[in-house]
Every structure is written in C-alpha cells, then in structure tokens.
Amino acid sequence: MKLLHRDFHIDFMGKKNIFFIISAACLVVIALWGVIFGVDLDISFKGGTIFTYTYTDANADLDEGALAAAAQSVLGEEVEVEPKQDLANNTPSLDISMTSAVTMEDSSIEELTAALQQAAPDLGLEYSAITSVNPSIGMDFFAKCLVAVGVGIIIMIIYLGIRFRLINGWKAAITAVLALVHDMIFVYGTFVICGFPLDSNFIAVMLTILGYSANNTVIIYDRIRENTKLFGKKTSRSQIVNDSINQTLSRSIGTSFCTLLAMVVVCVVAGIFGV
C-alpha cells in the first residue's frame with residue numbers, strides 16, 4: 001500500500017504533447033471503427049420485438065443455432081437468441097429478438113413455440129412474454145437519454161465555473177467538461193470496438209463516468225486553487241498544475257484500485273450465477 005501514499009514527481013505538463021497525440025490517435029481509431037464496422041443499437045433504441053421463453057433445466061446446453069433456425073423459419077427473418085438467468089426465482093430464460101416491431105396473433109406465437117420446442121425438446125420451453133418497440137419510440141428514448149447527458153454537462157459547467165472562480169472559473173469548467181467528454185468517448189469506443197450494443201445500460205455507464213471523472217477533476221482543481229493561493233505569482237501556472245496532479249495522484253490510484261476491486265467482484269458473481 002506504500003504506492004498509494006508515495007510522492008510522485010512525474011512531469012505531466014512537460015509530456016502533455018505526447019499524451020495529446022496518443023489520445024488523438026485513439027479518438028481517430030474509435031471514429032473510423034464506428035464508420036467502418038457500424039454501431040450496434042439495442043432494440044430499446046432501434047426498435048424490434050423480443051420473445052421471452054423460460055425453460056426448466058438451467059444446466060442444459062443450449063443449441064442457439066438450432067433455436068435461431070427454428071425461429072427464423074416461422075418469423076421469416078433473422079433473429080438473435082440470448083440466454084438469461086432470473087436470479088430472483090432462479091429461473092433460466094432466453095430472449096429471441098428480431099429487428100421488426102410486430103404484433104402477433106396467439107396462433108402465430110403458438111406456432112413459434114411449437115417450432116422451438118421441436119428444435120430443443122429436452123429444454124421444456126414455455127412462452128413467457130413478448131415485447132415490441134416501435135423504431136420511432138426507440139429513437140425518441142435514445143434522444144432523451146442524450147438530453148440527460150447534455151443537461152448533466154451543462155449543470156457541471158455552471159457548478160465548476162462558480163466554484164473555481166480563482167482559477168479562471170469558466171475556462172476551467174469548459175476545459176474540465178471537454179476532458180469528461182473525452183472520457184465518455186473512450187467508453188463509447190469500448191462499447192463499439194467490443195461489439196456491445198448501445199442500450200440503457202450504456203447511458204447509465206456514461207452518466208456514471210461523467211460523475212466519476214468530475215469527482216476526480218474537482219479534487220485536482222481544489223489542489224490547484226490551494227496551490228495558487230499559496231504560491232501565487234511565484235510559480236508558473238504550468239508548474240502549479242503539474243504539482244497539483246502529482247499531489248492528488250496517489251488518491252486517484254487508490255480510488256481507481258477500489259473501483260477495480262468492486263468490478264472484479266461483480267464479474268466473479270456474474271460468472272458464478274451466469275448473469
């Protein structure tokens with residue numbers, strides 16, 4: 001734990017151009033990846049239909065290909081099969097989703113159910129629910145989520161601008177928000193490159209990163225303000241900023257380490273329970 005309490009003397013400001021180049025290169029890769037390979041939107045955003053089925057044997061090996069083929073023969077378009085687990089009642093289930101928003105008759109649902117049961121007779125599949133999202137409603141929801149992120153950014157600019165008047169408040173606020181946007185773009189890039197669909201969880205992650213990064217920025221800005229009061233014109237602004245980052249670095253490492261531990265616990269629990 002000595003690493004978390006040591007004094008750092010890293011010349012961040014002297015190497016800022018290197019950091020800018022690395023960051024810019026990563027942003028270019030993220031942009032090109034999104035353009036070339038596209039961005040996968042969840043049904044809640046792009047619209048579609050989800051058929052939910054429960055089954056009895058949680059340890060059974062699902063032949064997702066056979067189930068998808070059976071569903072496609074009835075629905076007439078490509079589908080995705082996604083196994084899930086309801087931890088509340090320990091009931092395994094699977095979602096069969098397609099990009100068209102449809103309203104199906106009971107007879108059609110029965111036909112789909114029969115085809116799936118024939119494809120996997122040992123699972124004990126039972127129809128549970130159907131969820132249909134109109135594309136226009138999905139995009140409206142996506143737009144509202146983006147508005148939520150935008151409102152959060154505006155409130156943050158106002159707060160930081162007022163709080164840090166001593167260190168060029170509004171410039172500091174806008175700079176901090178640009179850094180936060182930079183962080184969120186990297187989160188977006190992680191989703192896009194790893195092939196994760198953008199859904200409501202993505203928006204929740206973005207808002208979490210917004211608050212998490214803002215907290216760290218406020219800590220650094222507080223130290224810059226304190227050092228500005230202490231040294232004033234005796235020390236250059238670049239040196240004050242560099243010293244402030246180094247003085248708060250152990251705190252940043254400690255906070256990130258604790259967050260990483262929490263993420264590891266979540267991943268382990270999810271792996272054990274098949275979430």
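In this structure, Phe19 and Phe12 have tilted ring planes: the angle between them lies in the 30° to 60° band.
Heavy atoms only, all atoms of each residue included: Val74 and Ser108 are closest at CG1-O, 4.4 Å. Residues Leu160 and Ala176 approach most closely at CD1-CB, 3.7 Å, considering heavy atoms. When all heavy atoms are compared, the tightest approach of Leu112 to Ala71 is CD1-CA, 3.7 Å. The two residues Ile224 and Ile240 have their closest heavy-atom pair at O-CG2, 3.9 Å. Residues Ala66 and Ala119 come closest through the heavy atom pair O-CB, 3.9 Å. Heavy atoms only, all atoms of each residue included: Ile193 and Trp33 are closest at CA-NE1, 3.6 Å.
Asn246 places a side-chain N or O within donor-acceptor distance of the main-chain N or O of Ile10, the cut-off being under 3.5 Å. Although no hydrogens or angles enter the test, the distance criterion places no donor-acceptor pair under 3.5 Å between the side chain of Ser23 and the main chain of Phe20. Side-chain N or O atoms of Gln117 include one that pairs as donor or acceptor with a backbone N or O of Leu125 at under 3.5 Å. Between the side chain of Asp95 and the backbone N or O of Ile50 there is no donor-acceptor pair closer than 3.5 Å. The closest donor-acceptor contact from the side chain of Ser236 to the backbone of Gln239 lies under 3.5 Å.
For the pair Leu180/Ile153, no side-chain contact is recorded, criterion being any heavy-atom separation below 4.5 Å from C-beta on. For the pair Val81/Tyr53, no side-chain contact is recorded, criterion being any heavy-atom separation below 4.5 Å from C-beta on. Looking at Arg237 and Val241, their side chains come closer than 4.5 Å, going by heavy atoms from C-beta outward. Side chains of Tyr188 and Leu198 form a contact here, defined as non-hydrogen atoms less than 4.5 Å apart. Residues His182 and Ser213 are not in side-chain contact: their nearest non-hydrogen atoms beyond the backbone lie 4.5 Å or more apart. Side-chain atoms of Phe51 and Met98, non-hydrogen and from C-beta on, do get closer than 4.5 Å to each other.
Cluster annotation: Phe196 is not connected to Val29 through the hydrophobic network of ILVMFWY side chains, with a link wherever side-chain heavy atoms come within less than 4.5 Å. Grouping the Ile, Leu, Val, Met, Phe, Trp and Tyr side chains by contacts below 4.5 angstrom, directly or via other members, places Ile30 apart from Val35. In the hydrophobic clustering of this structure, Val264 groups with Val269; members are Ile, Leu, Val, Met, Phe, Trp, Tyr whose side-chain heavy atoms approach within less than 4.5 Å, directly or through other members. Taking hydrophobic clusters as Ile, Leu, Val, Met, Phe, Trp and Tyr residues chained together by side-chain heavy-atom distances below 4.5 Å, Val181 shares a cluster with Phe202. Under the 4.5 Å side-chain contact rule for hydrophobic residues, Ile109 and Val79 share a cluster.
The number of heavy-atom neighbours closer than 6.0 Å to CZ of Phe186, taken from other residues, nucleotides and ligands shown, is above 12. For Gln72, the CD atom is densely surrounded, since the number of other residues' heavy atoms within 6.0 Å is greater than 12.
Expressed to the nearest 0.5 Å, how far CD of Glu80 lies from CG of Leu94 amounts to 13.0 Å. Here Asp222 contributes atom CG and Gln247 contributes atom CD; the two are 12.5 Å apart, rounded to the nearest 0.5 Å. The distance from the CG atom of Asp243 to the OG atom of Ser238 is 9.5 Å, given to the nearest 0.5 Å. Rounding to the nearest 0.5 Å places CZ of Arg163 at 12.5 Å from CE of Met156. Note that the OG atom of Ser252 and the CG atom of Asn215 stand 9.0 Å from one another [nearest 0.5 Å]. Atom CD of Glu126 sits about 11.5 Å away from atom CG of Leu116, to the nearest 0.5 Å.
Under the 4.5 angstrom side-chain criterion for Ile, Leu, Val, Met, Phe, Trp and Tyr, the cluster partners of Ile155 are Val147, Val151. Under the 4.5 angstrom side-chain criterion for Ile, Leu, Val, Met, Phe, Trp and Tyr, the cluster partners of Ile22 are Ile18.
Using a cut-off of 4.0 Å between Lys/Arg side-chain N and Asp/Glu carboxylate O, Lys229 and Glu226 are scored as not salt-bridged.
Sorted by first then second residue, the ring-ring contact (aromatic ring centres under 6.0 Å, His included) pairs that include residues 155-177, not counting sequence neighbours, are Phe164-Tyr221.
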